[in-house]
Number of protein chains: 2
Amino acid sequence: MILEVRADLAPERRERMRNLIRKAGVARVEDLKSDLKVSVATVRRDLEALEEEGRIRRVHGGAVSMESRLEEEVFDDKANLALKEKRLIAEEAFKLIGTGDSIYLDGGSTVLELARLLAGRTDLTVVTNSLRAAAELAESGPRVILTGGELRRLSQTMVGPLTRVLLGQVRLDKAFMGTMGLSIDDGLTTTDPNEAFTKSLVQEHARQVILLADARKAGKISFARVSDLESVDILISDKNFPAKTARALRKRGLKVRLA
Amino acid sequence: MILEVRADLAPERRERMRNLIRKAGVARVEDLKSDLKVSVATVRRDLEALEEEGRIRRVHGGAVSMESRLEEEVFDDKANLALKEKRLIAEEAFKLIGTGDSIYLDGGSTVLELARLLAGRTDLTVVTNSLRAAAELAESGPRVILTGGELRRLSQTMVGPLTRVLLGQVRLDKAFMGTMGLSIDDGLTTTDPNEAFTKSLVQEHARQVILLADARKAGKISFARVSDLESVDILISDKNFPAKTARALRKRGLKVRLA
DNA sequence: TTGGTTTTGATCGTTTTTGATCGTTTTTGA
DNA sequence: TCAAAAACGATCAAAAACGATCAAAACCAA
């Protein structure tokens, strides 16, 4: 029997296996076999060990991770709806960030795309109320400060009056905000009053407020009012944004950029 | 037998070995052999010595560093082997929770097991600084309030002075705490000073402090001091907990339960 | 130098890990 | 519902790693 030179230590290999399963959520035995370059027998033994540790759960054909990830974007249609536009908007927003900036990341899928771009920026301080954004930066990257507050399940954000106290303690150079609705007459609106309260609080604190909103948000009005349009400094949207609305916004002093 | 001129003294070689393992995180015996130009027997003897010093942990085929990953459970499968005990401890702790209680969940894998049991309890309010506990309860279950603060990557918890403000605003019936070390003389200790600060703050605020610690933690002393043993009301551990230590704790007024 | 101690490397029987085989169980799809 | 296919677990043999032991080499003090 010819055994190959062992490439790595058993704990090291299990760690890699663990990460593979955690990142993908699930993994098949055959995939792990070829990824880790070991036999199925070894994969099974490792899976057994990881299950014993409670990190995964074995299922026929492979294993699923027990280490819950905050983000389940895969099944989230809303996030994928205008993904391309959101990426472009995020990239445009990224350009505004300077070295050493202290920035705020709001909840919402567009801002989440921006968070993904920040994984390598160790020079920044990121304040956020979004668990998903935090999860995105949890491995490495900028200094992350979470606002605290009550967890709102739908948006996976921390909201409410408890947030206020912490926000008073930090400096925010730039706040990158999302929104549900953007209307000339009604300003920024969102679904939940607590969420709205937190957003408005942030906008008061930040030196510069940058709104990331794809074109579909234009003209929409949601339930809870966040703020006037005047409290926004820069709006970043995509090419589909209605020109008429853009003009009206510029007239009110907002800078509008269409990525 | 021909031995080469010894290139370096034994302590110097061990120092180099230590650094090699620390830098890579892991190292194979064969690699160390060729790197240090000594026989495998010597490598093994050195590894044995370094393990005795607690700097590394030997595994089949090589060794894993214990230094940069400071005894935390990142690479440490041995610590997580106690999953069964942790589950039992968590179940015991679960019994202490009354209807409508407002409880605090600390970081750490044992407390995380408790969090998993709370998914159905919509009557509770859970305050936590642990992102993993929050993720566990993110789908459904109790009202969740996060403390906020700076994200500590290794433990995935929010720590530091910013936490203080929010803790002052909530009532905590019971705080379920984890720990790295539990010693009669040195009390509760953990690796990170910020983490220790947050823990002690919580313990001051909570009406009742319940410590969840598997037997492994008994007698261990870590870097940063959290509090005296006296600030703990109830300790829940497993059957392997040293009887002598349990007696000493009871003498000091703690209730000790072994699941 | 010399004699004694410590350190090192080689040898060898034992243990651990790994991969292949094979009968059994589970899943899939007609 | 039944049969083929896939996945599984148990078992065994090969290979690598291990620990104990012993002798040679290096070291050290007189």
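Here the structure is a predicted model, which is why all the values come from computation and not from measurement. Numbered from 1 within each chain, the chains take letters A, B, ... in sequence-line order.
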For the residue pair Met158(A) and Arg152(A), establish whether any side-chain heavy-atom pair is separated by less than 4.5 Å.
no

Salt bridge present between Arg57(A) and Glu51(A) (N-O < 4.0 angstrom)
no

Phosphate OP1/OP2 of dG9(C) contacted by Thr42(B) side-chain N/O (<4.0 Å):
yes

If each of Val40(B) and Asp46(A) is mapped to the nucleotide of DNA chain C with the nearest heavy atom, which maps nearer the 5' terminus, i.e. the 5' end?
Val40(B)

Salt bridge (Lys or Arg N to Asp or Glu O under 4.0 Å) assessment of Asp101(B) paired with Lys174(B):
CA-CA 8 Å; Asp101(B) 270 357; Lys174(B) 298 181 174 71; 2.9 Å; yes

To the nearest Å, give me how far apart CG (Leu9(A)) and P (dT17(C)) are.
11 Å

Would you say Ser130(A) and Thr128(A) are linked by a side-chain donor-acceptor pair, where the criterion is simply a distance under 3.5 Å?
no

Go through the steps for Lys255(B) and Asp233(B) under the test salt bridge (Lys or Arg N to Asp or Glu O under 4.0 Å), then give the verdict.
CA-CA 6 Å; Lys255(B) 287 178 188 161; Asp233(B) 296 298; over 6 Å; no

Atom pairs, protein N/O to nucleotides 18-22 of chain D N/O, distance under 3.5 Å:
unit_1	atom_1	unit_2	atom_2	d
dC18(D)	OP1	Val59(B)	O	3.4
dC18(D)	OP1	Gly61(B)	N	2.7
dC18(D)	OP2	Arg44(B)	NE	3.0
dC18(D)	OP2	Arg44(B)	NH2	2.8
dC18(D)	O5'	Arg44(B)	NE	3.3
dG19(D)	OP2	Arg58(B)	NH1	3.3
dG19(D)	OP2	Arg58(B)	NH2	3.0

Spacing of Glu30(A) atom CD relative to dA5(D) atom P, expressed in whole Å
16 Å

Please, what dot-bracket string fits DNA chain D when only Watson-Crick and G-U pairs with both distances under 3.5 Å count, crossing ones use [ ] and pairs to another strand use |?
||||||||||||||||||||||||||||||

Please examine the side chains of Leu50(B) and Met17(B), heavy atoms only from C-beta on, and report whether any two atoms are closer than 4.5 Å.
yes

Please give me the minimum heavy-atom distance between Phe94(A) and Leu117(A), naming the atom from each residue.
CE1-O, 3.6 Å

